[in-house]
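Source: prediction; values computed, not measured. Position 1 is the first residue of the sequence; numbering continues from there.
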Amino acid sequence: MKRKTGQDRSITQNWRPATRAIRGGTARSEYGETSEALFLTSGYCYDKAGDAAARFAGEQEGMTYSRLQNPTVQMLEERIALLEGAEACRTMATGMAAMTAALLCQLQTGDHLVGGRAAFGSCRWLTDTLLPKFGIATTIVDARDPQAFLDAVRPETKVFFFETPANPTMDIADLTAICAIARERGITTVVDNAFATPALQRPMEFGADVTAYSATKMMDGQGRVLAGAVCGTEDFITNTLLPFTRNTGPTLSPFNAWVVLKGLETLDLRIHRQSENAMKVGEFLEGRVPRVLHPFLPSHPQHELAERQMDACGPIFAFEVEGREQAHALLDALELVDISNNIGDSRSLMTHPASTTHASVSPDKQIEMGVTEGLLRINVGLEDAQDVIDDLDQALRQAGL
């Protein structure tokens, strides 16, 4: 591969996903390094004062400041855009920085947003608490029902915002139907695709305008760094999102970008193996616990829709036991699986959302979202699936199941 091949869309758009994940976005320096170079610099120098002026005027290509551009970060953005099938991408310091920027960059006082009710706790804080502080009205609907989005539309509605699969209840939203409703009315759809990643689901193929990610999760995939990303058209990224991020500064560090670049190289391998492991664990839990919420099991109410939209379910699903006391007892009895509020890791992790990831959400809203006191979310890792099952088996017995 030549030095700039990885940045040449006329070539890279013909590559298949696995090749894009390894080589997409790569721009080698004059040293010809095989691994992507790590540019740890806050600023850049110019040969002449006129060069600086030309770059700031947008008349000359080149870097000006790492809050705006960095070679390592730029490589990651191009790679994610290629995997997503998007024209452009901007990365950010965290997943929540990405979600916040994707919304605030395009909303203002008097606008209206329709959001999915089942969502990560901090995403619900955005829609329920932050946006109204700026005079942006929000309506929360059941994202499993496309008609609910249509019924909530107002003349001032500007954005539909939802997750699929949703965290932690694994609700599936019909991307084709919801995006069609939005597009017919000039409404922008912003889809949180963190659970699936572009390796398993590409919302833009179903009509979504913007996809947002916590790249902390499967994209890094090994619990090392925080990162976020927003993908969209060149016009949206350059003219709507970039002015917001340029002046507010939710910048991804070059080191974290480099780590995520390395994570993307194994994303396809990891997420499919973890999906296989999660299926085995889900099948084990069925009949052993009161309820399993795994979209690729036939027992899930939206099983057929999940199979139409996704290549596999990924490593994450949820199940229910009888209340918080039993949930905590099960967690405390685990010997191999870690108690952790994170997901997307190569290690198996489990959490009690009502007391951790969704603790900031009021009890009545938790019930509305389907986050019960007995709900547990599991991230199945790359360990031998039978070892995870054995650990769950002994923990379930100790918890009285």
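- Not one N or O on the side chain of R23 forms a donor-acceptor pair closer than 3.5 Å with the backbone of A18.
- Nearest heavy atoms, N193 versus P203: ND2-CD, 3.5 Å.
- Distance check: L76 CG to L252 CG gives 6.5 Å after rounding to the nearest 0.5 Å.
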Intermediate values then yes/no, side-chain contact (heavy atoms from CB on, under 4.5 Å), L392 and M350: CA-CA 11 Å; L392 286 169; M350 200 184 318; 3.3 Å; yes
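- In this structure the side chain of V141 reaches within 4.5 angstrom of the side chain of T139, judged on heavy atoms.
- Taking 4.5 Å as the limit, some side-chain heavy atom of M99 sits within range of a side-chain heavy atom of F161.
- Salt bridge annotation for R273-E276: present, with a cationic side-chain nitrogen under 4.0 angstrom from a carboxylate oxygen.
- Heavy atoms from other residues, nucleotides or ligands lying under 6.0 Å from CD of E286 number more than 12.
- In the model, T197 has no side-chain atom that pairs as donor or acceptor with a side-chain atom of K217 under 3.5 Å.
- Using a distance-only test at 3.5 Å, with no hydrogens or angles considered, no donor-acceptor pair links the side chain of S348 to the main chain of V380.
- Residues Q398 and Q394 bring a donor and an acceptor atom of their side chains to less than 3.5 Å of each other.
- Nearest heavy-atom pair across L83 and P198 is O-CB, 3.5 Å.
- Residues F149 and F162 place their aromatic rings such that the two centres sit under 6.0 Å apart.
- Ion pairing between a basic and an acidic side chain is recognised when a charged N comes within 4.0 Å of a carboxylate O; K4 and D8 show no such pairing.
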Working for side-chain contact (heavy atoms from CB on, under 4.5 Å), residues E78 and R9: CA-CA 9 Å; E78 177 63 11; R9 282 287 183 101; 2.5 Å; yes
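- In the model, D311 has no side-chain atom that pairs as donor or acceptor with a side-chain atom of Q201 under 3.5 Å.
- For the residue pair N167 and E163, no side-chain donor N or O sits within less than 3.5 Å of a side-chain acceptor on the partner.
- Between the side chain of N14 and the backbone N or O of S10, at least one donor-acceptor pair lies under 3.5 Å.
- F317 places none of its side-chain heavy atoms less than 4.5 Å from the side chain of P165.
- When side chains are defined from C-beta on, H112 does not count as touching I136, because their heavy atoms never get closer than 4.5 Å.
- In plain terms, the two heavy atoms of A37 and E33 that are nearest each other are CB-OE2, 3.8 Å.
- Between L264 and I80 there is a side-chain heavy-atom pair separated by less than 4.5 Å.
- Checking side-chain atoms of R20 against main-chain N and O of Q13 turns up a donor-acceptor pair under 3.5 Å.
- A donor-acceptor pair under 3.5 Å is formed between the side chain of Y44 and the backbone N or O of Q69.
- The backbone N or O of I181 sits less than 3.5 Å from a side-chain atom of R185, completing a donor-acceptor pair.
- Within the 3.5 Å criterion, the main-chain N or O of F39 finds a donor-acceptor partner in the side chain of T72.
- Proximity of D391 to V388: side-chain heavy atoms (C-beta onward) are nowhere separated by under 4.5 Å.
- Here CZ of R324 is found 4.0 Å from CD of E373. Values are rounded to the nearest 0.5 Å.
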Residue pair K262, S35: steps toward the side-chain hydrogen bond (donor to acceptor under 3.5 Å, both in side chains) verdict: CA-CA 9 Å; K262 297 293 99 184; S35 178; 3.2 Å; yes
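- Other residues, nucleotides and ligands contribute over 12 non-hydrogen atoms within 6.0 Å of the CD atom of E59.
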So C313 and M170, side-chain contact (heavy atoms from CB on, under 4.5 Å) or not? Walk me through it. CA-CA 10 Å; C313 185; M170 305 305 293; 4.0 Å; yes
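- R224 and N256 share no side-chain donor-acceptor pair at under 3.5 Å.
- Distance alone, capped at 3.5 Å, is enough to place a donor-acceptor pair between the N379 side chain and the G344 backbone.
- In this model, a donor atom of one side chain and an acceptor atom of the other lie less than 3.5 Å apart for S355 and H352.
- For the residue pair T91 / E77, a side-chain donor-acceptor distance below 3.5 Å is found, with atom types taken as modelled.
- Taken from CG in L150 to CG in D145, the straight-line distance is 9.5 Å, to the nearest 0.5 Å.
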Begin from the C-alpha positions of E322 and R291 and carry the test salt bridge (charged side-chain N to carboxylate O under 4.0 Å, His left out) through to its verdict. CA-CA 10 Å; E322 299 295 339; R291 188 181 183 206; over 6 Å; no
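- The 12-atom threshold is exceeded at CD of E265, counting heavy atoms of other residues, nucleotides or ligands nearer than 6.0 Å.
- Around atom CZ of F244, more than 12 heavy atoms belonging to other residues, nucleotides or ligands sit under 6.0 Å away.
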Would W125 and L130 count as a side-chain contact (heavy atoms from CB on, under 4.5 Å) if you check the C-alpha gap in whole Å, the side-chain angles of each, and the deciding distance to 0.1 Å? CA-CA 6 Å; W125 185 87; L130 182 65; 3.6 Å; yes
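- Two residues are said to be in side-chain contact when any heavy atoms from C-beta on lie closer than 4.5 Å; N70 and M63 fail this criterion.
- Distance alone, capped at 3.5 Å, places no donor-acceptor pair between the T351 side chain and the P353 backbone.
- In this structure, the side chain of H358 does not engage the main chain of A354 through any donor-acceptor pair within 3.5 Å.
- The minimum heavy-atom distance between T138 and T127, with the atom names listed, is OG1-O, 2.9 Å.
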Checking D171 against Q302 for the side-chain hydrogen bond (donor to acceptor under 3.5 Å, both in side chains) test, could you report, in this order, the C-alpha distance in whole Å, the side-chain angles of both residues, the deciding distance, and whether it holds? CA-CA 8 Å; D171 290 357; Q302 297 168 289; over 6 Å; no
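- No side-chain donor from either of K365 and S362 sits under 3.5 Å from a side-chain acceptor of the other.
- Under the 4.5 Å side-chain criterion, counting only non-hydrogen atoms from C-beta, L396 is in contact with F284.
- Each of E84, E36, Q7 was evaluated against R79; a single residue qualifies, E36, per the side-chain hydrogen bond (donor to acceptor under 3.5 Å, both in side chains) test.
- Pairing each heavy atom of T169 with each of A118, the nearest pair is OG1-CB, 3.5 Å.
- Few gaps surround CZ on R246; more than 12 heavy atoms of other groups in view lie less than 6.0 Å from it.
- In the displayed structure, R55 atom CZ is contacted under 6.0 Å by more than 12 heavy atoms of other residues, nucleotides or ligands.
- T266 and R270 form a side-chain donor-acceptor contact under 3.5 Å, judged by distance and modelled atom types alone.
- In summary, R144 and D174 do not engage in a salt bridge, as defined by a charged side-chain N under 4.0 Å from a carboxylate O.
- Between L242 atom CG and C105 atom SG the span is 10.0 Å, to the nearest 0.5 Å.
- Across every non-hydrogen atom of M204 and D209, the tightest pair is CE-O, 3.5 Å.
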